[in-house]
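A note on names: the letters A, B, ... follow the listed sequences, proteins ahead of strands, and every chain is numbered from 1.
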Protein chains: 2
Amino acid sequence: MGITERRERERENLRATILEAARELMSEGGMDALSMRAIAKRIEYSPGTIYLYFRDKDDLIRSLVSEAMNFLLRYMRRALAEAGPDATPAQQHRATGYAYVRFAMENTAHFRVMFDIPGVAQMVDCPEPSEHESMPDHESFEFVTELLRRAVAAGELDVPEPRHGALVAWGLLHGLISLYLSGHLAHVVENAEQFEGLVDAAMDSLYRGWLPREDPFAGAGTALVKEEAS
Amino acid sequence: MGITERRERERENLRATILEAARELMSEGGMDALSMRAIAKRIEYSPGTIYLYFRDKDDLIRSLVSEAMNFLLRYMRRALAEAGPDATPAQQHRATGYAYVRFAMENTAHFRVMFDIPGVAQMVDCPEPSEHESMPDHESFEFVTELLRRAVAAGELDVPEPRHGALVAWGLLHGLISLYLSGHLAHVVENAEQFEGLVDAAMDSLYRGWLPREDPFAGAGTALVKEEAS
DNA sequence: GGCGGTTGCTGAACGGTGTTAAGTTGTTGG
DNA sequence: CCAACAACTTAACACCGTTCAGCAACCGCC
């Protein structure tokens, strides 16, 4: 059965080659440069060949996103490892946040294909059953939530609802990155360093809101800024 | 000179008609449905005609974005008016935040064209000199910053750097909306009401971090969660 | 009144896109 | 040895943004 195995291997090989070419094109020229014909030309195959390995362009992008998700996960794991074994849960959470930002800065094209394309989330979430391994999208999210939960258990933070808290932190960083990458902050933050400062300030604001209070009555102050009219 | 004026009026009229058709197509079928040919068919003109009123598809989109920006601004002004004349600055700030979210929910297509398309910010920022009235993009941003500054002046909030603070609030809401609209929160927040709850929680976290503290030493706790290794 | 020039618009074309179906190889198994 | 199959190509289809020659209808002017 060595022959059929070699066939299988070669088949997987071409599939990987296609994905690699797609990844390169995306990184080099953005999403516009990612066309089926361009991929075909780069790997020196006919455009039709790609459709023997991917049902769709969407299918191909789905694989690209899945790849990028795993890549992001590695960023976060590495940040966790670099934070050291005696880092507190809150420190670990902050480290994963920075990893998210760093991933977006160092792999802008991947970040964009993950989050800019409408409907890509549904695509990755529900592939045809057993098509490919499911995405680590909310796997990593659950992981971050767990960090927050541990920080609460340790008395380090006071997050009313860790699930919400994780979402808030994610949204905060994601929004800042998104606005920065799309150029809407061009008039406010001029370069990457300034943006890092902004991220720092954002995290400070967030964690300061989550600090446990000695004064048991201090929490009531929140109502101050709550809107009364719906 | 009534004739040339009528000509001018008719010209502007067709321009407006084109924009209206584009707006409708965008709202109905998303960004994919917004093609020059589809616009032409809808207004019953030849595709080439559009190029007599807009240099580019980008130019057309730029106008669409400019429109949407003004629309968003109206949302925020209205929210401010509805908040009442005796609303505190912080309450006003929160109201504009909700207006931002409401705008995104009720005009998803407009929101997308404003923020999803790469490079649209630069397009709107620097149109050819005196092409059209400049965008209210960071006009509204400056306005929100001012609200925050006033809240600080009134002793209602303690925001170290209002400019950063406004960005953080913007990023937080924008990120949550962006993630929600792209479907990445589908597994965590199931419907619009849950999302509103999430927005509430996010705002609570944010403002809680900005509450002024009686205890002058409490602020030092922020360092607790700051990462030491770079 | 007729005429040159301008204006507003058309329709076809060009090169690009994703996608598919028929056709062409080369290999393999009975 | 030949039928079946797999991998791949080729050519087409329908769409896209964009351009440009041409064509009526109208303008001011002689």
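- Inter-residue side-chain proximity for B/Tyr207 and B/His93 is flagged as met; some heavy-atom pair is nearer than 4.5 Å.
- OP1 and OP2 of C/dG8 both lie 4.0 Å or more from every side-chain N or O belonging to B/Thr49.
- Spacing between atom CG of A/Leu52 and atom P of C/dT20 amounts to 12 Å, rounded to whole angstrom units.
- Each end of the helix from C/dG1-D/dC30 to C/dG30-D/dC1 gets its own axis, taken as the rotation carrying the C1' atoms of four end pairs onto the next four within a five-pair window, and the two axes meet at 30° to the nearest 10 degrees.
- The NZ atom of A/Lys41 sits 12.5 Å away from atom OG of A/Ser46, with the distance rounded to the nearest 0.5 Å.
- In this structure, the CE atom of A/Met36 is 14 Å from the P atom of D/dT9, given to the nearest Å.
- Rounded to an integer number of Å, the gap from CG of B/Asp59 to P of D/dG17 is 14 Å.
- Among the nucleotides C/dC9, D/dC8, D/dG17, the one closest to the side chain of B/Tyr51 is D/dG17.
- Between the CG atom of A/Asp58 and the C1' atom of C/dG18 there is a distance of 10 Å, given to the nearest Å.
- For A/Ser46, taking side-chain heavy atoms from C-beta onward, the closest of the listed nucleotides C/dG11, D/dT10, D/dT18 is D/dT10.
- Using modelled atom types, one side-chain atom of A/Gln194 and one backbone atom of A/Glu190 make a donor-acceptor pair closer than 3.5 Å.
- Between A/Ala104 and A/Phe111, the shortest heavy-atom distance links the atoms CB-CD1, 3.6 Å.
- Distance A/Leu60 CG to C/dT17 P: 15 Å, rounded to the nearest Å.
- Checked for salt-bridge contact, B/Arg23 and B/Glu20 miss the test: no charged N lies under 4.0 Å from a carboxylate O.
- A 4.5 Å side-chain heavy-atom check between B/His110 and B/Met26 finds at least one atom pair inside the cut-off.
- In this structure, B/Glu44 places its CD atom 13 Å from P of C/dG11, rounding to the nearest Å.
- As judged by a 4.0 angstrom heavy-atom cut-off over every strand, B/Leu34 is placed among residues touching the sugar-phosphate backbone only.
- In this structure, the nucleotide among D/dC8, C/dT20, D/dT18 sitting nearest to the side chain of B/Asp56 is D/dT18.
- Comparing A/Tyr45 and A/Arg37 against DNA chain D, the residue whose closest nucleotide sits nearer the 5' end is A/Tyr45.
- Rounding to whole angstrom units, CD1 of residue A/Ile50 and P of C/dT17 are separated by 11 Å.
- Atom C1' of nucleotide C/dT19 and atom CD1 of A/Ile61 are separated by 14 Å, given to the nearest angstrom.
- Across all strands, A/Ser35 comes closer than 4.0 Å only to sugar-phosphate atoms, never to a base (heavy-atom distances).
- Using a cut-off of 4.0 Å between Lys/Arg side-chain N and Asp/Glu carboxylate O, B/Arg42 and B/Glu28 are scored as salt-bridged.
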